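It should be emphasised that the depicted structure is a prediction, and the values quoted were computed from it without experimental measurement.
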Number of protein chains: 2
Amino acid sequence: MTSTEPTQPSTQPSTPPSLSGARPTRQRRAVAEALASFTDFRSAQEIHELLGSRGETVGLATVYRTLQRLADAGEVDMLRTEDGEAIYRRCSDAHHHHLVCRSCGATVEVEGPAVERWTGAIADEHGYFDVSHTLEIFGTCPACR
Amino acid sequence: MTSTEPTQPSTQPSTPPSLSGARPTRQRRAVAEALASFTDFRSAQEIHELLGSRGETVGLATVYRTLQRLADAGEVDMLRTEDGEAIYRRCSDAHHHHLVCRSCGATVEVEGPAVERWTGAIADEHGYFDVSHTLEIFGTCPACR
DNA sequence: CGGGAGTTGACAACGGTTCTCAACTTTCGT
DNA sequence: ACGAAAGTTGAGAACCGTTGTCAACTCCCG
């Protein structure tokens with residue numbers, strides 16, 4: 001039962017995901033650095049725009065390819081919004097979940113060994129292996145009451 | 001820590017989701033019945049084909065509309081596959097989660113008071129209220145090993 | 001039976017994502 | 001260092017699941 005601080009516009013920098021294996025081209029580095037500049041989930045298109053607004057020109061297709069590669073390599077988390085859009089985020093090394101405010105989007109990272117154990121146990125119980133899970137908690141934050 | 005049986009090609013019939021509120025047209029009934037004929041998750045297009053192969057002609061748009069309506073009404077569960085496609089399945093009324101096979105889609109409904117309590121506690125701890133959550137477990141089922 | 005609200009379906013439009021392919025980089029072998 | 005092979009890029013087209021459009025049709029109620 002732990003947590004970090006809420007992550008509204010938080011813009012503190014961080015270490016970009018490694019390009020493990022891939023050729024370190026200007027474009028790939030740019031995407032990796034962009035990922036380091038935010039902590040919440042962003043869509044490929046948003047990341048593409050972000051790069052554009054910084055003067056880094058990187059083709060949209062390249063952004064998609066790079067994100068996909070990073071996701072495959074486990075360097076970033078990828079998940080789907082309700083409407084099917086893929087969103088990405090560099091993953092902190094620790095596995096965790098999000099408590100998200102429905103109205104303002106304020107996010108708290110939470111983690112709990114209990115859930116991790118539980119999902120593992122459930123999967124085991126049914127013979128499923130190679131298990132992963134997604135869990136998001138939604139609510140209204142104190143500021144929006 | 002509970003569960004129901006795995007839900008492979010199991011084809012035993014069941015009660016179709018209710019059309020609560022909506023006009024009981026031939027098409028809506030057909031979709032509801034189709035949903036009753038399987039227990040795993042299917043895409044809108046698969047359901048559309050299923051209907052076609054049964055001689056029930058229902059427009060694709062209507063299938064989408066009906067599924068959406070049922071999902072909004074909580075009559076069916078909707079979730080997204082890894083590649084963003086929406087898949088549907090009639091659901092039991094009790095709140096529960098899914099253990100889904102990544103490769104064949106076999107689904108087990110699971111429930112666990114522990115998680116429910118945990119999410120509530122976490123939310124409380126941060127002052128969030130009006131809480132809900134989503135949780136899906138993915139893995140490879142024994143049959144697909 | 002009549003009329004308005006609700007529903008349908010063919011088809012177009014949309015939007016996110018992937019594909020294509022020629023031009024360009026990077027990396028190696030020598 | 002040089003050149004060739006392999007990998008990467010970007011613009012645009014193609015894809016495909018999904019949603020919108022709108023005239024024709026159904027259902028329900030009086």
Point to revise | Minimum heavy-atom distance A/Met78-A/Ala86, with the two atoms named | key: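 Shortest heavy-atom separation between A/Met78 and A/Ala86 comes out as SD-CB, 4.2 Å.
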
Review point. Sequence neighbours excluded, which residues qualify as side-chain hydrogen bond (donor to acceptor under 3.5 Å, both in side chains) partners of B/Thr134?
Key: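 B/Thr134 satisfies side-chain hydrogen bond (donor to acceptor under 3.5 Å, both in side chains) with no residue once adjacent residues are dropped.
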
Point to revise | Nucleotide-resolved protein contact map, nucleotides 22-30 of chain D, B/S/- at heavy-atom distance under 4.0 Å | key: ----BBS--

Point to revise | Residues clustering with B/Phe129 (ILVMFWY side chains joined when closer than 4.5 Å, directly or via others) | key: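 None; B/Phe129 is a cluster of one.
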
Can you tell me how far [atom2] of [N] sits from [atom1] of [X], to the nearest Å?
X: A/Ile47; N: C/dT17; atom1: CD1; atom2: C1'; result: 14 Å
X: B/Arg28; N: C/dG6; atom1: CZ; atom2: C1'; result: 8 Å
X: B/Glu82; N: C/dG16; atom1: CD; atom2: C1'; result: 17 Å
X: A/Arg80; N: D/dG17; atom1: CZ; atom2: C1'; result: 11 Å
X: A/His48; N: D/dG12; atom1: NE2; atom2: P; result: 12 Å
X: B/Asp83; N: C/dT17; atom1: CG; atom2: P; result: 11 Å
X: A/Ile87; N: C/dG15; atom1: CD1; atom2: C1'; result: 16 Å
X: A/Leu67; N: D/dT8; atom1: CG; atom2: P; result: 15 Å

Check your understanding: Side-chain N or O of A/Gln27 less than 4.0 angstrom from OP1 or OP2 on D/dT8?
Key ->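 No, no such contact exists.
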
Exercise for review: Would you indicate, yes or no, if D/dT8 has its OP1 or OP2 atom less than 4.0 angstrom from a side-chain nitrogen or oxygen of A/Arg69?
Suggested key: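 For D/dT8, OP1 or OP2 has a side-chain N or O of A/Arg69 closer than 4.0 Å.
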
Exercise for review: Look at the rings of A/Trp118 and B/His97 and say which category their plane angle falls in: under 30° parallel, 30 to 60° tilted, over 60° perpendicular.
Suggested key: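 A/Trp118 and B/His97: perpendicular rings.
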
Residues forming a side-chain contact (heavy atoms from CB on, under 4.5 Å) with [X], sequence neighbours excluded:
X: A/Ala61; result: A/Arg65
X: A/Glu46; result: A/Arg42, A/Ser43
X: A/Asp124; result: none
X: B/Ser132; result: A/Arg102, A/Phe138

Point to revise | Proximity to DNA chain C (any heavy atom under 4.0 Å), residues of residues 51-64 of chain A only | key: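 By residue number: A/Ala61, A/Tyr64.
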
Exercise for review: Sorted by first residue and then second, give each salt bridge (Lys or Arg N to Asp or Glu O under 4.0 Å) pair with at least one member in residues 30-39 of chain B; sequence neighbours left out.
Suggested key: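 Not a single pair qualifies under salt bridge (Lys or Arg N to Asp or Glu O under 4.0 Å).
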
Point to revise | With A/Glu116 via salt bridge (Lys or Arg N to Asp or Glu O under 4.0 Å) - residues at least two apart | key: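 A/Glu116: no salt bridge (Lys or Arg N to Asp or Glu O under 4.0 Å) contacts found.
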
Point to revise | ring pair (Phe, Tyr, Trp, His ring centres under 6.0 Å) against B/Phe41, all qualifying residues, sequence neighbours excluded | key: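 Counting only residues at least two positions away or on another chain, B/Phe41 forms a ring pair (Phe, Tyr, Trp, His ring centres under 6.0 Å) with B/His98.
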
Practice item. Starting from the first five and the last five pairs of the helix from C/dC1-D/dG30 to C/dT30-D/dA1, work out the angle between the resulting helix axes, to 10 degrees. Key: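 For the helix from C/dC1-D/dG30 to C/dT30-D/dA1, the axes at either end differ by 30°.
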
